[in-house]
Amino acid sequence: MSQRAQVQDRAAGGGREPFRAMWDTLLPIGRDPDGAGWVRYGFSPADLACRDWFTEQATARRLSVETDRNGNLFAWWGDPAAGDAVVTGSHFDSVPHGGAYDGPLGIVSGLLALDLLRQRGAEPRRPVAVAAFAEEEGSRFGVACLGSRLLTGALDPDTARGLTDSDGLTLAAAITGAGHDPEALGADPQRLARIGAFVELHIEQGRALADLDAPVGVASAIWPHGRWRLDITGEGNHAGTTRMADRRDPMLTAAYAVLAANKEARLRGGHATVGRIEVTPNATNAVPAAVSAWVDARAPDDDTLAGLVEAIRVRAAERAGRDGTSATMTAESLTPVVEFDTGLRDRLAALLGGAPVLPTGAGHDAGVMSAHVPTAMLFVRNPTGVSHAPAEAASDADCAAGVVALADVLQDLAC
Ligand code: HGY
Ligand code: MN
Ligand code: MN
C-alpha cells in the first residue's frame with residue numbers, strides 16, 4: 001500500500017483493508033459467471049448463501065442472530081429485549097444482473113462499524129443490531145421492501161403468501177423451501193417496538209456526491225414511487241398474411257405507451273420507465289395477442305406522481321382506441337413520499353462535518369421503517385452514478401469512509 005493510501009486509511013479508521021477482506025468473501029455469491037453483474041433473488045440459493053454468510057460473520061463476532069417471522073435477519077450486540085435499539089442494515093437481494101453494492105454495502109458496513117466501535121472501546125447503553133431485510137428489490141415476487149413491509153404491517157400476509165414468481169412458485173412455497181413458516185408472516189409490532197432508531201447505509205444511486213466531491217452524504221427524502229402493470233390485449237394473427245389495416249396489434253399500443261411515459265415524465269420533472277415487458281405468444285412471425293408492460297414511475301411529490309400515472313393511463317387508452325386494442329393499468333405498489341426524521345438527519349449531517357443532504361428517487365427499507373421509527377440514511381459516493389446495473393461502483397476508500405461515518409453515527413446514538 002502506498003504511503004498516501006496508508007495516510008488515507010488511517011484517516012478512515014484503518015478500514016480499507018478490512019473492508020476489502022470482508023467484501024471479497026461476499027462478492028462471489030450470486031455473481032453471474034459471464035460477468036453480467038449479480039443475480040440474488042429473494043430466497044433463491046444465492047440469497048440463502050448470503051444469509052448463511054451473514055450468520056457466520058455475526059457468529060464470529062459473538063452477535064446473536066435471530067430471524068424474525070418475516071425472514072428478516074438481525075445480528076444483536078446487546079439484549080434485544082432491552083428495547084430502544086439502534087439498528088442499521090440493508091438487503092442482500094438484487095435486481096436481475098444488478099450491481100454489487102446496492103444492499104450488501106449497508107450490511108457489510110454495519111458489521112464493520114460494529115468492529116470499529118469495539119476497537120474504540122465503545123460501550124453502548126442501547127442494544128445495537130445489524131439487519132438484513134428480505135426481498136427488498138421485489139425482483140422475484142413483485143413487491144419491493146417485502147420484509148420490512150410485512151414487519152411493519154404495510155403488507156397483508158395473505159396477499160404476500162399468494163405472490164408468485166416467474167415460475168409460478170408462491171412466496172409461501174419459496175419460504176417454506178428456505179426453512180421458514182409461511183403462516184408466521186405478518187406484522188410484528190413487538191419486535192418493531194424494540195427499535196428506537198434505524199440508519200441504513202446505501203450506495204448512492206446517482207452522481208450527486210461525485211459532483212460535490214464528498215464521500216458520504218445524508219438522505220433528506222425519498223420520492224414517492226410505484227409500479228403499474230399495463231395489460232394490453234389485441235388479436236393474435238399471422239405476421240405474413242394479415243393486412244396492416246386489419247391488425248389489432250397490442251405491441252403498437254405498448255410502444256406508444258412507452259414513449260408517452262417518457263414524455264409525460266419529462267414534462268413533469270418525474271421519472272417513468274418501462275423496463276419489463278411480456279409478449280404473448282412472443283413469436284417472431286405472429287402479431288401478438290397480448291402485451292403486458294410494467295411502468296415504474298417516480299416524482300418529487302405525491303400529486304405530481306398521481307398526475308404522471310394518470311396521464312400515461314389516458315394516453316395508453318386513447319392509443320388503444322386507435323389500435324383496436326384494450327389497455328388497463330393496475331397499480332402493483334405505491335409508496336408515498338418519505339421525509340426522513342429532520343432532527344436525526346440534521347444531527348447526522350452535523351456529526352459528519354456538514355455532509356451533503358440529498359433526496360433520492362430510489363426506494364429503501366428505511367423508507368418503510370421511517371413511518372414507525374426515527375430513521376435516517378447515509379449514502380456512499382458512486383463515481384459512475386450507475387445503479388441496478390453491473391457498472392455500479394464505489395472505491396474501497398469511500399466504503400471505508402462510509403464505515404467510519406456509520407460507526408460515528410451508531411456511537412453517537414447508542415453510547
Ligand atoms: O427500486 C428501487 O427504488 C430500490 O432500489 N429498491
Ligand atoms: Mn435497488
Ligand atoms: Mn437497495
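Here, residue 1 is the first one in the sequence, and each next residue gets the next number. Since this is a predicted model, take the numbers as computed values, not measurements.
- Residues forming a side-chain hydrogen bond (donor to acceptor under 3.5 Å, both in side chains) with T170 (at least two apart in sequence, or on another chain): none.
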Next item on the list: Please lay out, stage by stage, how D301 and T304 fare under the test side chain to side chain donor-acceptor pair (under 3.5 Å).
Entry: CA-CA 5 Å; D301 61 77; T304 305; 2.8 Å; yes
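- Looking at residues two or more places apart in sequence or on another chain, you find a side-chain hydrogen bond (donor to acceptor under 3.5 Å, both in side chains) between D24 and R20.
- With 3.5 Å as the limit, one finds a donor-acceptor pair spanning the side chains of E332 and W294.
- Side chain to side chain, E392 and N382 fail the donor-acceptor criterion of an N or O pair below 3.5 Å.
- In plain terms, the two heavy atoms of H202 and S90 that are nearest each other are CD2-OG, 3.9 Å.
- With sequence neighbours left out, the side-chain hydrogen bond (donor to acceptor under 3.5 Å, both in side chains) criterion links R247 to no other residue.
- R194 meets the side-chain contact (heavy atoms from CB on, under 4.5 Å) test with E66, W76, P80, R191; sequence neighbours excluded.
- At distances below 3.5 Å, not a single donor-acceptor pair connects side-chain atoms of H372 with backbone N or O atoms of S370.
- A salt bridge links R347 and D412; the closest N-O separation between the charged side-chain nitrogens and carboxylate oxygens is under 4.0 Å.
- If you check the side chains of R149 and T335, you find a donor sitting under 3.5 Å from an acceptor.
- For the residue pair H271/D296, the side-chain donor-acceptor check at 3.5 Å is not satisfied.
- Residue pairs meeting the side chain to side chain donor-acceptor pair (under 3.5 Å) criterion with at least one partner in residues 25-45, sequence neighbours excluded, are T25-W53.
- Within 6.0 Å of CZ on R322 lie more than 12 heavy atoms contributed by other residues, nucleotides or ligands.
- Applying the side chain to side chain donor-acceptor pair (under 3.5 Å) test to residues at least two apart or on different chains, the pairs with a partner in residues 137-147 are E137-H388, R140-D165.
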